Number of protein chains: 2
Amino acid sequence: MTNSNSLENTSKMLSSHKEDVLKSALTLVENCNTVTLGTSGEDGYPNIKAMLKMETEGLKTIWLSTNTSSKRVSQLMKNSKACIYFNDEKSFRGLMLVGDMEVLTDSETRKRLWREGFEIYYPLGVSDPDYSVLKFTSRWGNYYHNLSNTNFEV
Amino acid sequence: MTNSNSLENTSKMLSSHKEDVLKSALTLVENCNTVTLGTSGEDGYPNIKAMLKMETEGLKTIWLSTNTSSKRVSQLMKNSKACIYFNDEKSFRGLMLVGDMEVLTDSETRKRLWREGFEIYYPLGVSDPDYSVLKFTSRWGNYYHNLSNTNFEV
């Protein structure tokens with residue numbers, strides 16, 4: 001085998017490994033009902049909170065919702081840097097997506113993300129000023145399984 | 001009822017509520033086998049990773065272990081600010097502890113935290129240079145259940 005063939009094969013193997021990882025990451029995202037959201041507090045300490053996963057578009061965009069009055073929203077208005085973590089505790093699989101979060105309150109987005117029963121969280125309904133939508137855009141990710149970490153751009 | 005009696009009763013109720021919250025938080029800590037660790041990346045983005053809970057001393061001290069070569073350790077050596085999150089997805093209970101993490105590699109601490117089967121992670125055994133112990137000391141916490149958040153000092 002020539003050197004250029006060997007390089008080509010290595011490149012194909014790496015590319016195939018990355019494809020497998022991205023597929024596994026997507027399956028994990030689909031199977032999770034909740035995520036944990038990482039934000040930065042004003043004191044520079046990281047904060048974590050579990051949240052319901054609302055909608056996802058591949059690994060690039062994750063939609064959540066929360067109370068406008070919550071600490072999470074005030075942190076994100078000051079510092080959009082965030083991460084979202086998907087975890088399957090039983091199979092020791094973990095996916096971290098790192099990126100930025102927008103806090104949205106426009107009528108169209110609120111309606112899109114509104115779900116039956118949300119009055120528990122936002123008693124005034126879809127136009128409740130305490131109802132905010134969080135739109136997360138990934139920059140990069142890390143997938144962990146079988147003692148192996150793989151980083152990838154999103 | 002006089003004003004001072006009313007104040008005293010309110011104070012007793014609050015104190016009793018806080019006791020209940022701390023008890024529930026401790027039960028959650030005991031029932032969790034894994035935690036999620038929040039750290040700050042060098043780029044200022046928060047990072048999250050699931051880890052095995054090793055030992056706990058109330059809500060004040062949490063012991064974990066990880067690979068010395070891991071990104072988590074290099075982040076914590078530069079910035080000790082961290083948080084640890086305990087989550088019961090089924091009952092929507094969440095506990096966030098915020099504080100600082102020490103990375104320890106002394107022989108006594110390694111031995112104390114070593115468990116049967118750890119050779120999977122640290123093939124050279126208890127003296128493997130890639131085996132580090134993480135000691136987390138809480139400053140404050142937040143307990144969430146039934147749509148209610150309670151902050152407390154630890």
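In the text below, chain A, chain B and the rest are named by the order of the sequence lines, each starting its count at 1. These figures come from a predicted structure and were not determined experimentally.
- Residue B:Glu42 qualifies as open at atom CD: its count of foreign heavy atoms under 6.0 Å is 12 or below.
- Neither A:Leu59 nor A:Met96 shares a network with the other; the hydrophobic side chains, linked directly or stepwise wherever heavy atoms of I, L, V, M, F, W or Y lie under 4.5 Å apart, form separate groups for each.
- The local environment of NZ in B:Lys60 is crowded, with over 12 non-hydrogen atoms from other residues, nucleotides or ligands closer than 6.0 Å.
- With chain A as the partner, the residue from B:Tyr45, B:Tyr121, B:Tyr144 showing the most heavy-atom pairs under 4.5 Å is B:Tyr45.
- Both A:Trp114 and A:Val133 are members of a single hydrophobic cluster when ILVMFWY side chains are connected at heavy-atom separations under 4.5 Å.
- If you chain together hydrophobic residues whose side chains sit under 4.5 Å apart, A:Met77 and A:Phe136 fall into the same group.
- When heavy atoms are compared at a cutoff of 4.5 Å, B:Thr39 approaches chain A solely by way of its backbone atoms N, CA, C and O.
- Contact annotation: the side chain of B:Phe92 approaches that of A:Leu52 to within less than 4.5 Å [non-hydrogen atoms, C-beta and beyond].
- The contact between B:Asn87 and chain A is made entirely by side chain atoms (from C-beta outward), counting heavy-atom distances below 4.5 Å.
- The most heavy-atom pairs under 4.5 Å with chain B, out of A:Leu97, A:Asn47, A:Val98, come from A:Asn47.
- Judged by the 6.0 Å and 45° rule, A:Lys49 forms no cation-pi pair with B:Tyr85.
- In this structure, A:Leu22 is not a member of the same hydrophobic cluster as A:Trp140, with clusters built from ILVMFWY side-chain heavy atoms closer than 4.5 Å.
- Remark: A:Glu108 CD is loosely packed, at most 12 non-hydrogen atoms of other residues, nucleotides or ligands lying under 6.0 Å away.
- Contact of A:Leu37 with chain B is made through the backbone alone, with heavy-atom distances under 4.5 Å.
- Only the side chain of A:Asn149 comes within contact range of chain B, judged by heavy atoms closer than 4.5 Å.
- Ranked by heavy-atom pairs under 4.5 Å with chain B, the list A:Gly44, A:Gly41, A:Cys83 is led by A:Cys83.
- A:Leu64 is connected to A:Val103 through a chain of hydrophobic side-chain contacts under 4.5 Å among Ile, Leu, Val, Met, Phe, Trp and Tyr, so both are in one cluster.
- The minimum heavy-atom distance between B:Ser40 and A:Pro46, with the atom names listed, is OG-CD, 4.1 Å.
- For the atom pair B:Thr36 OG1 and A:Glu89 CD, the distance stands at 9.5 Å (nearest 0.5 Å).
- Residue A:Ile48 touches chain B through both its backbone and its side chain, counting heavy-atom pairs closer than 4.5 Å.
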